[in-house]
Structure formats: structure tokens, C-alpha cells
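A short worksheet on the structure shown next.
Per chain, numbering begins at 1; letters A, B, ... match sequence-line order. Atom set for the values below is all heavy atoms of this structure, side chains included, hydrogens, waters and symmetry mates excluded.
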Amino acid sequence: MGVLVTAEHIIEGLNPPQREAVTTIAGPLLILAGPGSGKTRVIAHRIAYLVDVIGVAPWRILSVTFTNKAAKEMRSRVAAHLEEAAADLMLGTFHSICARLLRTEADRIGLNRSFNIFDDSDQMSLMKRACEYSNVDTKRFKERAILSAISHAKSELVSPETYARGARDYFGEVVARVYARYQELLVENGALDFDDLIVRAVEMLQNNAEVREKYQERFLHVLVDEFQDTNIAQYQLARLFAAKHPNICVVGDPDQSIYSWRSADIRNILNFERDYPDAKTVLLEQNYRSTQNILDAAHAVISGNKQRKEKSLWTSAGEGEPIVAYEAYDEAEEADFVANEITSLVEDERRSYSEFAVMYRTNAHSRALEEALIRAKVPYALVGGTRFYERREVKDILGYLRLIQNPHDAVSFARVVNVPGRGIGAKTLSELERWARERGVPAFTALQLVAEQESAVRPSVVERHPIGAKQTKTLIEFQQMIAELQDVAEKNNMTTLLDGVLERTGYRKHLFAEFEESEGEERWENIGELRNVASEYDGLSAGHGLVAFLEDVALISDADTTPDNDDPGSGRVTLITLHSAKGLEYPIVFMIAMEEGVLPHIRSFDDQAQMEEERRLCYVGMTRAKQRLYLVRAFKRYNMGSSSHNPPSRFFKDVPQVLISQRSAVRSQYEAVERGPSRYREGLARKDDRPPVPEELVFAGGERVRHPRFGEGIVVSSQKVKDDQEVSVAFKGEVGMKKLMLSFAPLEKL
DNA sequence: CGCCGTACGGTTTTT
DNA sequence: CCGTACGGCG
């Protein structure tokens, strides 16, 4: 019996249908978490609770992936309840579970156990090479577009051969050619890209009966979270796991599908109903997160989509505060507004910084915010952005480690062979590569051949390598260094290996030579941070530590770097893209840059389907807020050097005026637009009846006032701030001095 | 042959 | 604005 559950919040709160859904889980469990599913953490809690209270047992942990925070938490929670030796539990993202299984079964399926996982930039390097070898006119067909087409094919389990047969136009033919070549290169490099992890795992289960039975027996139940963002291959994998014991539960909300550009396919939901006709669908329309105002506003936005099934969420949480709309002059002023608002809410409402999140469409928008928050001395944590593992110095060191683990990795080889500068340039490398290709060996192996030739008494003239004398010497030294480090890796823990790499390469000196004192220091600290992470793998046996470390680093997700907002000590405002925010929640959310061209993004203007996805993205952002939601925009914004005026986002305008408390720094021409509030919901109108802030100062110095929370006080001063008034009041007792904005503070004259 | 300077182009979202 | 491509110099 399968169970299909759609809509928000399956487990949180455990209402009756949710309880029913979860209690069908009665044995070994495999959880496949979709991208960025912070909600999985809640599920983890609930499962632990069920184990504890309902006594679903006995389970045993076979393997748990550590790459995401939810998995880690799941493990510690569940481990506390479980006996060491009963059933099997596996929790992780699709990618991390596949990586783990492929590594475990590598020998059986003829896969090199020390395969490296190639990320986006590694893929691009390979793609450039693949295009070069296939003589592709990359002016006409962009490598990025070809890679994207290949990635899409893989996500639908379309092989190069099948793709070639289906190619209808010239672009298709080019892609087919490059696809085949690209796959060959991956094999040569002993690498799997992100898509391969899924594809190879599916193939493994399809083609190897022994492996298939093993896992189908092991996992009696399969649960997929964030199902709306899975692709065809991932769904296929889930089905394979659940083929023997068809206990499969998927959780997803079609309105939150925001990864179609990454080949997530909403057809999965339809297919699920077709593939499991006995499945029970449970619609969960009670929301346990947001206030009714927030839900109504979000509903008004998402209702603008044509392609959707209507559902309306409700909550017992009450109306809550109105949504604050604010128009700033430019992005600096916008950021200041956010910083000030946070500061005053922290003061006035005793909020912790960790209760706030600021969300934006693109990573670039975090810049102005960071500056403003630093000025305002507001602690913040940036999620994603220039991600830690994408920093140059970190990638360099990882490049060495990857080459040590897998010398066939030509991408890593090319990255580190001249870092620090050893006098090995493009010319030498291309010569070496050409020579290696003639021999059908990877570049690093070719280097070993060069070394052998050099040490031979009478080198063969015909096979003679084409490398100059000086470069040859350097390259052989490099090759020997890596060989020695491989030896270190086999016998020592991660910290020792990393220190060995740093020492042998003289990387610290290199950093300080290349950069200014302060920047060098900063980058060296990043290496220190990397070393800290690596040290967590010291407990693993030599060799295994390196494999696990590199795998985890490759598969770490933005959500894993999210500050834990359950932890009151963390005390930081979260800055995060709308995409990364999926599955998370915060009491107070600011959505900034709510402008046409940003959200919705300009690149979605000419495509209806993409526009609908932008709308869903907006919906996702709005529904992250539990208590207060701010929709903020700027009249003027600097893009890349030049500034532009963007009209307010169309999504912004979809929010009924009755739900909004409007605040503005500038009187722009847009203020006049669509002012007339269409009465959205009975009983909400009175909110808008709040009188506008008057021109004259309402409070004078010396006046006695009362505030519902702070009690009685005396007005010290009051002044006009933009089109609001700021009143400074000395309250009695411990409360002391407060600065209050008139439009917000319910101040009463005594 | 490699390194460093300047011009230019492209510019969402991420496992 | 940032990273890459190309051209001249050591």
C-alpha cells in the first residue's frame, strides 16, 4: 500500500492524516531527501518520536549519510532509540545515498572505488575538452548550453546512443556527439558527475540482480521528501528501491516546484498516481507555520498561476501582523531599512537575530545587505554566496587531495600542476596532454612515463616525450611529490595528509606572495577552516578518511551551511537566496528586490512556464515567514556598474492592499498605482483603516504616554523620519529609553 | 615559454 | 563588477 501525500507540512504537528501516513512506517526505512529539504529535519524528529512513543521497532542503522544536517540530526536522534543490531535506516539526499551505494558496490559493478565526484566547474572543464575533441564551433553552440542539454538527457536516463537516435536538428547532433565524448572523458578521469551518481545507481539496480535484491529486501519503506523537485531518474530510483515492498510515501507541494531548470519534473507526481493506483492521497491544507495574513498574501500570489490545482491553506494561528511593504530609494537604502528594522525589532520585541532571514533572488543582492549589517553591527550568516568550497585556495587544496585519491583526474591535475607557480604553462600542458592521448593514458600516467624515460639509460627516440628539459625536471618533481603524498595518504589520517600537502607545496608562502597581507591572511584562515573540517575525518582509517572527506565536500549543500535557528546561541540573521530557503522557516522574513526583472527575473519574461516558476519562487519565499513578512523593493538599483529603475514586481501587486501596511522612503510614481483595495476577505478591511501618519508631530517632548508592553513613559523628543515619525520615550523601570516608529508603536497619550 | 598587463564580454537559481 | 582572452615583454 502506497501513500501519496501532497501539500505542506506532512509531519509537523502530527494531525490525524499525518499520523496515519507516518504510522504506516513499520520497519526498515529509506529516506530520499530532495534538494534542500530542511523539513526532513522535522520528519526526523517525528520518526524518533514514533520510535519512542509508538514503539515501532526494532530498527537498526545500517548506514547514514552525513552530508546534510538533517541526516546528522536524524542519526543522533534515532540512534538514541535504536538497538545497534536490528534493521536498516538510511537517510540522505539522493546524491549522497547514491554515492554511498556506488562506493559500496563498486567492485560488483566494475566501477573504480576511488572515483571523484565532478561538480559544475569540473564538468565545464571536461565539456571544453569534449567540444574541442569533437570540433564543435563553440561560438555558435555555447558549451554551457550543450552541457545543460546533456545533463537534462541524463536526468531522464537517456543514454548517448538513445540521444543520438532522437536528435532532430543540428544542435541535437552536436549534443549527441559531445555527449558521447563527454561520457568517455568522465570514464577516463575516473569521475562521476552529479547526474551520473543517479544514473549509475539506477543502472546498478536494473542490471545487477544481486545488488537489487539486497537493497529491495533491506528497505521495507521508502519516503521521498520535496517530491515536486525530483527528476525522472530520481523517481525511477525510488521506484526501484520500493519494487519489492511497495511501501512508498512521497511528500511534495506542486506550488513549491522551483527546480525545473535543473530538470525537476512535475510529471513525477502524475506518474506516481499512475504507477501506484492504490496509493492514498492525503491533502494537507492546515498550515502550522504562518499567520493567516501571510497565507492569504501567498495564496493571492500563487493564484496567479494558470497551471495549478487549487488548494487553500488555513491556519489556527490567527491573522497576525499585516505584511509590511516598503519602497526604498536604492539598494543601499533598502539594506539600511532592513538593518534598522532588525535592530528595532530586536530591541522592541526582544527578538533574537536568529529569528530573521533576508531572502533575495540572486546571490549578488547580498552585497549591499552585508555592508549595511556590518555598519549596523548586526551579526549575520550568509548561506551560499561565494561558497566556501568554491574559494580558490580551498579548491586548490582540494585539487591536490583529489589528485592524490585519483591520479586519473585530469581536471584536478590541470588545476594544481602550476599552483604554486612552477613554470609549467599552457604550452607544456597541451604538449603533455597530446602525448598522453597518443598513448591512451591519463596525463598523470604520462608523467610517470616521462619520469621513466628520463631515468632510463638509453631512452627510445621514437617514443620520446615532447617536453622541454627545464619543464621535464619540474614535472618529474611534481609527479614524485604526488606519489609521496599518496604514500602519506595510505598511512596517515586526514590532518597529517593535509599538512603534508601544505608543507610540500609551500602553499602558505604562495598565498602571501600572491596577495596583500590582509587578503593572504584571510585566505590562509580559509585553509585553516578546511583543515578543521578535515580533522573530523581523522577517526576513519587511513584512505577511507580521504574518500569520505572528498565525497562529503562534493555533495555538501547550501542548506547544510544554514545556521541552526533552533539554537538560540547562534544569534545571526540569515541571508539566503529564495531557492536555498526552500524547506526552511523563520519568524520574520524580509524579501528584498521585489522588482520586475529581479523577481520575476528578466530571463523568464518571454516564457510562460518560467514565469510561473518565478511565481512559485515568490510563493516559497513568502511562506517561509511564520509571523512577519516584509516585501521590500528599491526605486533604483545598481546592476553591474549601471543603475536601473525597475517597476514593482507584479507579484507584489497581487497581494491585496488590505493585507499590507505600506511604508515608503520616496514618493515614486508607482505609489499611485492600483491603490483601490479590492476587498479581499471580510473582516480584514479595518486594518487599512488605520489613519495615515499625520504631517505634524503627534507627540511633543514632556508628554506622558503609555505602551502596551513597555508601560508608562515620558516623551523625550520626536522627529519626522521620511514619512513616519520617530518618538523617543523614556519608559519607567528597566525598560529605559526606546525609539519607536509612530506607524507601528501603539502609543497612547495619557 | 611563461608572466603580467589591459580590453572585453557576460551576467539566475544549485545537487 | 569579475573573470577570461589576448597581446607584448622578460
Side-chain angles (χ1 to χ4, degrees), chain A residues 32-37 65 67-68 92-99 117-124 128 138-139 142-144 148 151 154-155 192-198 226 229-231 233-234 257-264 359-368 383-387 389-390 392 417-418 421-431 466-472 474 514 551-561 576-582 593 597-605 607 610 613-614 616-618 620-621 638-644:
Chain A
L32 299 164
S37 52
T65 49
T67 54
N68 84 22
T93 62
F94 273 98
H95 289 97
S96 61
I97 285 178
C98 288
I117 297 169
F118 271 21
D119 69 11
D120 191 63
S121 78
D122 302 323
Q123 289 179 51
M124 271 312 274
K128 281 187 180 146
T138 52
K139 288 273 190 300
K142 294 273 172 270
E143 285 139 347
R144 167 81 41 205
S148 162
S151 172
K154 289 200 201 184
S155 76
L192 300 184
D193 66 14
F194 285 129
D195 301 306
D196 282 346
L197 289 173
I198 314 290
E226 302 288 6
D229 283 323
T230 52
N231 64 33
Q234 287 165 334
S257 160
I258 54 174
Y259 281 106
S260 71
W261 52 273
R262 213 171 63 184
S263 307
M359 301 179 185
Y360 35 80
R361 178 67 232 266
T362 77
N363 285 305
H365 293 130
S366 68
R367 214 189 168 89
V383 177
T386 312
R387 288 185 281 281
Y389 292 100
E390 280 169 28
R392 179 152 41 129
V417 68
N418 200 34
R422 299 185 175 93
I424 305 296
K427 181 76 182 165
T428 305
L429 280 182
S430 73
E431 282 297 309
I467 313 295
K470 195 171 151 222
Q471 280 77 13
T472 300
T474 316
E514 191 176 357
E551 184 167 302
D552 288 358
V553 161
L555 297 174
I556 200 156
S557 74
D558 272 357
D560 304 333
T561 64
I576 193 167
T577 63
L578 290 163
H579 281 89
S580 297
K582 192 185 68 163
V598 180
L599 182 69
H601 197 270
I602 190 158
R603 290 176 71 115
S604 61
F605 278 12
D607 183 330
Q610 275 189 56
E613 183 147 313
E614 294 289 304
R616 291 192 293 270
L617 190 56
C618 182
V620 165
Y638 286 90
N639 276 332
M640 256 156 285
S642 61
S643 75
S644 57

Atom [atom1] of [X] to atom [atom2] of [N]: distance rounded to whole Å?
X	N	atom1	atom2	answer
A:Q234	B:dT14	CD	C1'	12 Å
A:N418	B:dC4	CG	P	11 Å
A:E390	B:dT14	CD	P	9 Å
A:I576	B:dT13	CD1	P	13 Å
A:L599	B:dT12	CG	C1'	11 Å
A:Y360	B:dT12	OH	C1'	13 Å
A:K427	B:dC3	NZ	P	15 Å
A:Y259	B:dT14	OH	P	6 Å

Set of ring-ring contact (aromatic ring centres under 6.0 Å, His included) partners for A:F194, sequence neighbours left out: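 For A:F194 the ring-ring contact (aromatic ring centres under 6.0 Å, His included) partners, ignoring immediate neighbours, are A:H95.
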
Using the six-membered base ring of B:dT15, report whether A:F94 stacks on it, requiring centroids under 5.5 Å and planes under 30° apart.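 Aromatic stack with B:dT15 absent for A:F94.
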
Using the aromatic ring of A:H601 (for Trp, its six-membered ring), decide whether it stacks on the base of B:dT12 within the limits of 5.5 Å and 30°.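 Yes, A:H601 stacks on the base of B:dT12.
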
Base, sugar-phosphate, or nothing for [X], non-hydrogen atoms under 4.0 angstrom?
X	answer
A:I258	nothing
A:T428	sugar-phosphate
A:D195	nothing
A:E613	nothing
A:R367	sugar-phosphate

Tell me if the side-chain of A:R361 makes a donor-acceptor pair with the base of B:dT13, cut-off 3.5 Å, by modelled atom types.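 For A:R361, whose side chain was compared with the base of B:dT13, there is a donor-acceptor pair (under 3.5 Å).
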
In which stems does DNA chain C show up, taking only runs of three or more Watson-Crick or G-U wobble pairs whose two distances fall under 3.5 Å?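 Expected stems, ordered by start: B:1-10 with C:1-10.
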
Using heavy atoms to find the nearest nucleotide of DNA chain B for A:L429 and A:H579 separately, return the residue whose nucleotide is more 5′.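 The 5'-side residue here is A:L429.
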
Closer to the 5' end of DNA chain B via nearest nucleotide, is it A:F194 or A:R422?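 Here A:R422 is the residue nearer the 5' end.
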
Side-chain heavy-atom pair [X], [Y] within 4.5 angstrom cut-off:
X	Y	result
A:T362	A:V598	no
A:H601	A:L617	no
A:Y259	A:K582	yes
A:L197	A:L555	yes
A:D122	A:D193	no

Taking only N/O atoms, report every protein-nucleotides 5-10 of chain B pair under 3.5 Å with atom names and distance.
none

Minimum-distance pair of heavy atoms, taken over all atoms of A:E613 and A:S260: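 Here A:E613 and A:S260 meet closest at OE1-OG, 2.6 Å.
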
Measuring from the side chain of A:T362 (C-beta onward, heavy atoms only), which nucleotide among B:dT15, B:dT12, B:dG2 has the closest atom?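 Ranking B:dT15, B:dT12, B:dG2 by closest atom to the A:T362 side chain puts B:dT12 first.
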
Of the listed nucleotides (B:dT14, B:dT12, B:dC3), which one gets closest to any side-chain atom of A:E614?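 Per side-chain heavy atoms of A:E614, the pick is B:dT12.
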
Report yes or no: does [X] contribute a side-chain atom to a donor-acceptor pair with the main-chain N or O of [Y] at less than 3.5 Å?
X	Y	value
A:D607	A:S604	no
A:N418	A:G423	yes
A:R361	A:L599	no

If you measure only the distance, is there a donor-acceptor pair under 3.5 Å linking the side chains of A:S263 and A:N231?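 The answer is no; no qualifying pair exists.
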
OP1, OP2 of B:dT14 versus side-chain N and O of A:N363: anything below 4.0 Å?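 Answer yes for this pair, as a side-chain N or O of A:N363 is under 4.0 Å from OP1 or OP2.
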
For B:dT14, does OP1 or OP2 lie under 4.0 Å from any side-chain N or O of A:S580?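 True: A:S580 side-chain N/O within range (under 4.0 Å) of B:dT14 OP1/OP2.
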
